[in-house]
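Step one of this worksheet: look at the structure below.
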Protein chains: 2
Amino acid sequence: MMRSDKHKTLVIPGPVEVRPEILDAQTEWMIGHRSTAFAELFARLQGKLKKVFLTDSRVIVIGASGTGLWEGASRNCIRDDRKALHLVGGAFSERWAEVSKANGKQVDVIAVDWGKAHTPEMVDAALKAADQPYDAVCLVHNETSTGVINPVKDIAAVVRAHNDETLVLVDSVSGFLGAEIRPDEWGLDFVLTSSQKAFGLPPGLAFASCSDRVLARARQIPYRGYYFDLIEIDASGQKNNTPSTPPISLMFAADKQLDAILAEGLESRWARHTAMRDITGGWALNREMGLFAQEGYRSPTVTAVANTRGFDVDAMAKFMGGKGFSMDKGYGKIKSKTFRIAHMADMQVTVLEEILSGLDEFLATV
Amino acid sequence: MMRSDKHKTLVIPGPVEVRPEILDAQTEWMIGHRSTAFAELFARLQGKLKKVFLTDSRVIVIGASGTGLWEGASRNCIRDDRKALHLVGGAFSERWAEVSKANGKQVDVIAVDWGKAHTPEMVDAALKAADQPYDAVCLVHNETSTGVINPVKDIAAVVRAHNDETLVLVDSVSGFLGAEIRPDEWGLDFVLTSSQKAFGLPPGLAFASCSDRVLARARQIPYRGYYFDLIEIDASGQKNNTPSTPPISLMFAADKQLDAILAEGLESRWARHTAMRDITGGWALNREMGLFAQEGYRSPTVTAVANTRGFDVDAMAKFMGGKGFSMDKGYGKIKSKTFRIAHMADMQVTVLEEILSGLDEFLATV
């Protein structure tokens, strides 16, 4: 085994700690992507993915990070003479809006302060004020930089009530499989995620549920590109295949991890994450620290602790490194003013308690 | 170990057989992509990649197939009011031209019959006939569908002599590390490859050497997108980082495989492939079969055997499957009329001889 014994357990919000069994699943002998064995793997994955995405449509699987599927969503869903409405309130929702612009798309933004959630009322007002219907509303389910979870279900209901032309595109990169999301039931057209967050896989794969409405829109857009062209991807997918060579070893790992996820059950998995959120939030408040995310919108997968005690976050990370944990130090403009505790993927309460107990030891020194 | 004992050795032209040590390298514990350990991995890879790409500039590393870097090359290098010249003569060179068009780019084509090479003279004539300088000439080094290797060095010399504005963009997906290519010395601006061909890695990573001229061109193009934006990728790369989360386990595998490649030496590796080409070509001609690729332009990494004996290619593949080999049956419009023997990546002459001897047993039955 190549695995180093100097390893520190990852407490960062992605890439997350991946279980040895899942790492090992990557070592299956390589197979051709035009073989029967691959078609079987693809079909098996598709069946399991539809279960965890709670969708009857299809789940896109592609070798890329979630960033790639931001680009795919924006290029396939926003026509050149229409606009998208991006809900922005953290590093990742900001960047998705930038990605749409970098593809020449017209973008309006509803910006909230970092740490705040978007509300259905804000979206309703923006839709009412618009000159013409938006082609898409783009929002982030779980903003990894701030630990905010947005009320996706209620926002989608507002969009759906308003105009049937507008697609609802959701980044659930760090939410998916850790926080409840129901694409079909909530009327979400595109829900994208990547492998290395609450999914508990190595990075390199991105996934998205994709409605028929998305494909109908894509057909109206001439220059969608190729690598993230959802029409091509769907056409190949119907034959249990992919337009270009996919990352097969990562798909073996996904196949195994999906078995574990289905065995745990979605509701149990969400509940485990919610319990870890409550433990972490309670711990921080009891230690005279704040929570950066607005009350009522705190993420089950990642907590941004407001460093109101003003300690040296680098020193904290170093101390915790000595205990075998790789800690986060905050992201972007709130680095050091916050630090994040990721409690996602296959992390168990017992491990979280070890982490918090280590942090208590550190706090005793400051 | 998850590795199945029912495995058949891959003789297909990608994904290729990956050695167990390289598969195992994927199982190292996950690390954060903003950690020091990752920056060290990135820097280590970059150093080795510059050696195998024979370049002093930079080597792009991204989680995608080679198709993704086709898109990246076309989007970053072709301005909207200029054209690209695509050299087309097989399934993959055709598709790259389609990818440029799917991104709204203006494309001229020099088409040759499948199995034929492009010559410097053809390119010279096209450059002379053009109204204005092409922004790029896009060509495929080693056309995987036909087994043709193109005279990239001589074509590039023609382009360079003609106009200094025109970038030379090369797909070396199935050539790289199996056939000689010298980006800096030959004046190639962008040479892309993917992991699962002559590189001998699992699929999911793409690589490209990238000249300063490419970045200067990209700066003139406003809507390059984000995932394959070479300016962003280069800016992160200078900090030993990536704009979005990369496929870390595949990068561990690449790190190990590059050590083996450098230990073998590029010249030795090219010579081993050339020897396998000669053995395979000689074998086919001695068996009253033809070679699909034009004489003088036969690929060191993959031979397309012309099935002039008209046997049932499915039956051949089934027979060889019984001997533990997964065979190719031809690609696209020449499927069954040809079949390909890939002799690339870490395949050794001894294994190739086993394959050819198995094929002899099959031929004795038809």
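Note that the structure is a prediction, hence the values are computed from the model and not measured. Quick note: numbers below take in every heavy atom, side chains included, and nothing from hydrogens, waters or symmetry partners. Order of the sequence lines fixes the chain letters, A, B, ..., with proteins taken first and strands second; residue numbering starts at 1 for each chain.
- Rounding to the nearest 0.5 Å gives a distance of 12.0 Å between OG1 of A:Thr67 and CG of B:Asp229.
- Atom CD of B:Glu71 sits about 7.0 Å away from atom CD of A:Glu71, to the nearest 0.5 Å.
- Using a 4.5 Å cut-off between heavy atoms, A:Ser326 does not touch chain B at all.
- You'll find the ring centres of A:Tyr227 and B:Tyr227 outside the 6.0 Å limit.
- A 4.5 Å side-chain heavy-atom check between A:Gln26 and B:Asp24 finds every atom pair outside the cut-off.
- Listed options A:Gly204, A:Ser35, A:Ala64 were ranked by heavy-atom pairs under 4.5 angstrom with chain B; first place goes to A:Ala64.
- Separation of atoms CD1 (A:Ile22) and OG1 (B:Thr27) is listed at 13.0 Å; rounding is to 0.5 Å.
- Atom CZ of B:Phe228 and atom CZ of A:Phe228 lie 4.5 Å apart (nearest 0.5 Å).
- Both the backbone and the side chain of B:Thr245 come within contact range of chain A, with heavy atoms under 4.5 Å apart.
- The side-chain contact (heavy atoms from CB on, under 4.5 Å) with B:Ser249 is formed by just one residue from the set A:Val18, A:Leu23, A:Leu250; it is A:Leu250.
- Contacts with chain A were tallied for B:Lys8, B:Arg95, B:Arg224, B:Glu17; B:Arg95 has the most, counting heavy-atom pairs under 4.5 Å.
- A distance of 11.0 Å separates OH of B:Tyr223 from NZ of A:Lys105, quoted to the nearest 0.5 Å.
- The parts of A:Ile248 that come within reach of chain B are both its backbone and its side chain, each placing non-hydrogen atoms under 4.5 angstrom from that chain.
- To the nearest 0.5 Å, atoms NZ (A:Lys6) and CH2 (B:Trp29) are separated by 15.5 Å.
- Residues B:Pro202 and A:Met30 approach most closely at CB-CE, 3.7 Å, considering heavy atoms.
- Residue contact with chain A, scored on non-hydrogen atoms closer than 4.5 Å, involves the backbone of B:Lys101 exclusively.
- With a 4.5 angstrom heavy-atom cutoff, A:Pro246 touches chain B only via backbone atoms.
- At a 4.5 Å heavy-atom cutoff, the contact between A:Ile31 and chain B is made by backbone atoms alone.
- Considering every non-hydrogen atom in both A:Gly32 and B:Pro15, the closest pair reads CA-CD, 3.9 Å.
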